[in-house]
Structure formats: C-alpha cells, structure tokens
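Just so you know, these numbers use all the heavy atoms, side chains as well, and skip hydrogens, waters and symmetry mates. Just so it is clear, the model here is predicted, and its values are computed rather than measured. Per chain, numbering begins at 1; letters A, B, ... match sequence-line order.
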Amino acid sequence: MWVSEIMLQQTRVETVIPYFEAWLRRFPTIGKLAEAEEQEVLRLWQGLGYYSRARNLHRAAREVMRRYDGEIPGDPTTLETLPGIGPYTSGAVASIAFQVPVPAVDGNARRVLSRLTDDPDPGWPTLRRWASALIDPEAPGDFNQALMELGSKICSPRRPKCGECPLSDFCAARRAGTQSERPAPRRRRSVPRLVEAVAVLLCEARPSRSGSDDVDSTTPTRRVLLRRRPSTGLLGGMWEFPGGPVAAGEDPLEVARRVGRSLVSQSDGSRLERHSDCAAVDLGPVQRLRVVDHAFTHRRLQYVPFLFRLSAQGPAPEGDSELMWMDPYEAAGVPIPVAQLKVLTQVFGPTGPP
DNA sequence: GACACGTGGCC
DNA sequence: TGGCCAAGTGT
C-alpha cells in the first residue's frame, strides 16, 4: 500500500504494476527493504524515474524499523515525518490502511473539486477543507479512492465524460460550461536544450595466457567504464558513462576525448606505463555511436556518445568507488538511467531485465 | 512559492 | 517531432 502510493506519484498505473510486483517479490517486508543496499533498491526502481522516491522509501523503511519497531505509523502527522511522505501520501496511507478520516487530495481529486466549485485554481488549504467536509468518516479510504477514481476515469483532464458523471447535477463548471478549462493550466517555462558528449571506454581484453582449452580463456572479457553520480540531485546514485557538457560551437568528439583522456591518465604514471595502450585513447579507433535524445521534465538533453576501444583496461582507481569497469553482467546489476541504457545496449546489446 | 526531479504515452 | 500530461515531495 505504502509502496504503491510512492510508486504512483506522478506515474501511471500500467507503468507501475510490473515494478510493484517485482518489488514485493524482492522486498516482501519493510525489514527486507531496510536491510538492502541502496544500489539494489535503485536497480529495482530503474526506469521508473524520480529516483529520490526510491532513496527516500529506503531511508523511511530503515527509520520505521529503528524508531517504530517495524510498524508503519497510522497517524498522518507521524507519517509525514518520514522521508518521501508528504500531505497526499500521509492522507492516503492513513485513510486507506488505518481508516483515519483525513483527506488525500491528489491531482485527480483536485481536478474534481476544482470543477465542482468552478474554482480555476483552488489552494491546497481550500482543497483540504472541501475534501474534509465531504469525506465519509465511516469509510474515509473508500471516499478518498472514489474521489481520485472519479477524477481519473470520468472527470478526466481532457474531454470529461460528464454524461456518465454521478455528480454532474451538482457541478458548477458543468453548469457554466467551463469544465474543460478547470483547473486552469499552469504555465510552463521553456526547457533548455543541452548537448552532452559521452565517452564509452571499452576494453576487450583477450586472456594473455595461451594453451588452455578453457572456453573462458578464448572469450574476450568486455568491460566498459561507468561512473556513479553523486547520491543527491538529478539521477542521484545512478551509474552512467562519463561525459561532459558541450558548449555551443564546441566539437562533441573533442569533449569526449578530453573526458576519456582524463580518465585513463588520472592515476599515477607507473600504472599508465603498464597500460600504455590506454594512452591510445586519443589515437585509437573512435566509433561514433547513435545519438540519444532524452527529454526530462525540466531540460532536454542530447547525448552524443563515442566509443573508444582500448586494448587494455585502464587503471581502475582503487578506493574510487565512483568509477568502475564493468562487464555486461555487472552492468546489468547496477542502476542505470534509461537514456544511458540506450547507449549501453549499443555496446553490449540487450542486457538483463528492464 | 518557485523550482528540481524521470519517464512513457498521447496527439 | 515536440509539447503536454500523469496518483507529489524536498529544498
């Protein structure tokens, strides 16, 4: 219930279902979730977006174990102290799971209330007041879910089905004919378009030892260098190919070379010597990969990836867990954002489950 | 209160 | 293609 509410924030039901099922298989209890590593939690969230929800849910699970003896609190005020739980989710959990008569006003409920009253932009205090006045104290969870369901199925954002709506006789917007203009749309700012050069460093190392008939010894190990993003902010904690912003008029390839060079030479010189092939980053064969366009909510990003084939693996900076050489199997086990997955599949082919 | 924060579907 | 939308929260 809690997990589903978090997953459903800003996300469609059909998208959530497979994630929800996989999640409960892996984390059947709050205790299991609390024990897990954040990396695994993010891996199960991979593709769902808004990854802070996963990090917060994980932290909240640990807090529930530590402070509430593993029992989810039923009081909305207490719920809101947990990371990732705000006014909506606290109301939803408290009313649906604990029968506490509090409102749970999401975007759907807001739209219904906005139309019922023909108020183009009701504030959240107003919405809570209206919902509180209407709520059935005997079945607050059912009421809240019904209100949201009505907004989702009948009182839809576009082309509301007023003919099927049980409340159409009481609807001020319907009377005024303004239902499709309620609530008033928020004006959006234009999203900046950015270009990012991506350096895919690929190492196909054949085993140096010969004379063995072991299959593994004839199969080259293919590894790519991945970097973990800082644990907060955009795509926090997720792994991606190293890259850098491309300024207007700048050549993406030059940026990628610069990034690649800095990575293979960032350890001490002796290691570089032993891996002299790595110095060939700026000489060696460069292969253009397919450009990946990706639209976030607040920016549009164009990833321009280049594949650098190294014949030896560059120094894996020890103690630097932000940077790691990974084979296809390892890469399938760490959380990677969707756009970077599109780059990865160009190198490794499809890997692992979504 | 404004802004950051992902992704996929729709038209 | 590109803009808009969808079950919010944290800072």
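Residue-level contact check: Thr89(A) touches the backbone only, with heavy atoms under 4.0 Å from sugar-phosphate atoms and none from bases. Within 4.0 Å of Val191(A), counting heavy atoms only, lies no atom of the nucleic acid at all. Contact annotation for Arg111(A): backbone-only contact, meaning every heavy-atom pair under 4.0 Å involves sugar-phosphate atoms and none involves a base. In this structure, Ile6(A) reaches neither bases nor backbone, as no heavy-atom distance under 4.0 Å exists between it and the strands shown. Residue contacts shown for Gly236(A) are absent, as no nucleic acid heavy atom lies under 4.0 Å away. Nucleic acid contact for Ala92(A): none, since no nucleic acid atom lies under 4.0 Å from a heavy atom of the residue.
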Report the C-alpha separation of Glu80(A) and Ser90(A) in whole Å, then their side-chain angles, then the decisive distance to 0.1 Å, and conclude whether the side-chain hydrogen bond (donor to acceptor under 3.5 Å, both in side chains) test is met.
-> CA-CA 6 Å; Glu80(A) 279 188 46; Ser90(A) 72; 3.0 Å; yes

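Closest contact between the side chain of Asn56(A) and the listed nucleotides dG10(C), dA6(C), dC5(B) involves dG10(C). Side-chain proximity of His298(A) to dG2(C), dA4(B), dA6(C): nearest is dA4(B). Among the nucleotides dC5(B), dA6(C), dT7(B), the one closest to the side chain of Pro157(A) is dA6(C). Looking at the side chain of Asp106(A), the nearest of the listed nucleotides dT7(B), dG8(C), dC5(C) is dG8(C). Out of dG6(B), dG8(B), dA4(B), the shortest distance to the side chain of Thr297(A) is found at dG6(B). In this structure, of dT9(C), dG2(C), dC5(C), it is dT9(C) that holds the atom nearest to the side chain of Pro87(A). If you check dG2(C), dG6(B), dC5(C) against the side chain of Thr11(A), the one that comes closest is dG6(B). You'll find that the side chain of Gln9(A) is closest to dT9(C), out of dC5(B), dT9(C), dC5(C). Listed nucleotides: dG8(C), dG6(B), dC5(C). Nearest to the side chain of Tyr51(A): dG6(B). For Gln10(A), whose side chain is taken as the heavy atoms from C-beta onward, the closest listed nucleotide among dG8(C), dC5(B), dT9(C) is dG8(C).
Electrostatic pairing of Glu250(A) and Arg258(A) counts as a salt bridge here, judged by a charged N lying under 4.0 Å from a carboxylate O. In summary, Lys153(A) and Glu164(A) do not engage in a salt bridge, as defined by a charged side-chain N under 4.0 Å from a carboxylate O. Salt-bridge annotation for Asp118(A) and Arg182(A): present, with a side-chain N of the basic residue lying under 4.0 Å from a carboxylate O of the acidic one.
Computed from coordinates, the Leu79(A) CG to dT9(C) P distance equals 11 Å when rounded to whole Å. Straight-line distance from the NZ atom of Lys342(A) to the C1' atom of dT7(B): 9 Å, rounded to whole Å. Leu8(A) has its CG atom 20 Å from the P atom of dC5(C), to the nearest Å. Arg12(A) places its CZ atom 18 Å from the P atom of dG6(B), with the value rounded to the nearest Å. To the nearest angstrom, P of dA6(C) lies 21 Å from OH of Tyr19(A). Gln302(A) places its CD atom 10 Å from the P atom of dG2(C), with the value rounded to the nearest Å. In this structure, Tyr303(A) places its OH atom 8 Å from P of dT7(B), rounding to the nearest Å. The distance between atom CZ of Arg158(A) and atom C1' of dG9(B), rounded to the nearest whole Å, is 10 Å.
There is no side-chain donor-acceptor pair under 3.5 Å between Tyr88(A) and Gln9(A). Side-chain contact, Arg53(A) with Asn56(A): no donor N or O sits under 3.5 Å from an acceptor N or O.
For the OP1/OP2 pair of dG3(C) and a distance below 4.0 Å, the side-chain nitrogens and oxygens of Arg300(A) include at least one atom meeting the criterion. Remark: Arg299(A) is in phosphate contact with dC5(B), judged by side-chain N or O atoms under 4.0 Å from OP1 or OP2.
Distance noted for atom P between dT9(C) and dG8(B): 22 Å (whole Å). Taking atom C1' in both dG1(B) and dA6(C), one finds a spacing of 22 Å when rounded to whole Å.
Projected onto DNA chain C by closest heavy-atom contact, Pro83(A) and Ser4(A) fall at different nucleotides, the more 5' of which corresponds to Ser4(A).
The side-chain hydrogen bond (donor to acceptor under 3.5 Å, both in side chains) pairs that include a residue from residues 121-131 of chain A are Arg110(A)-Asp121(A), Asp121(A)-Arg186(A), where partners are two or more places apart or lie in different chains.
On a pure distance criterion of 3.5 Å, no polar donor-acceptor pair joins the side chain of Tyr88(A) and the base of dG8(C).
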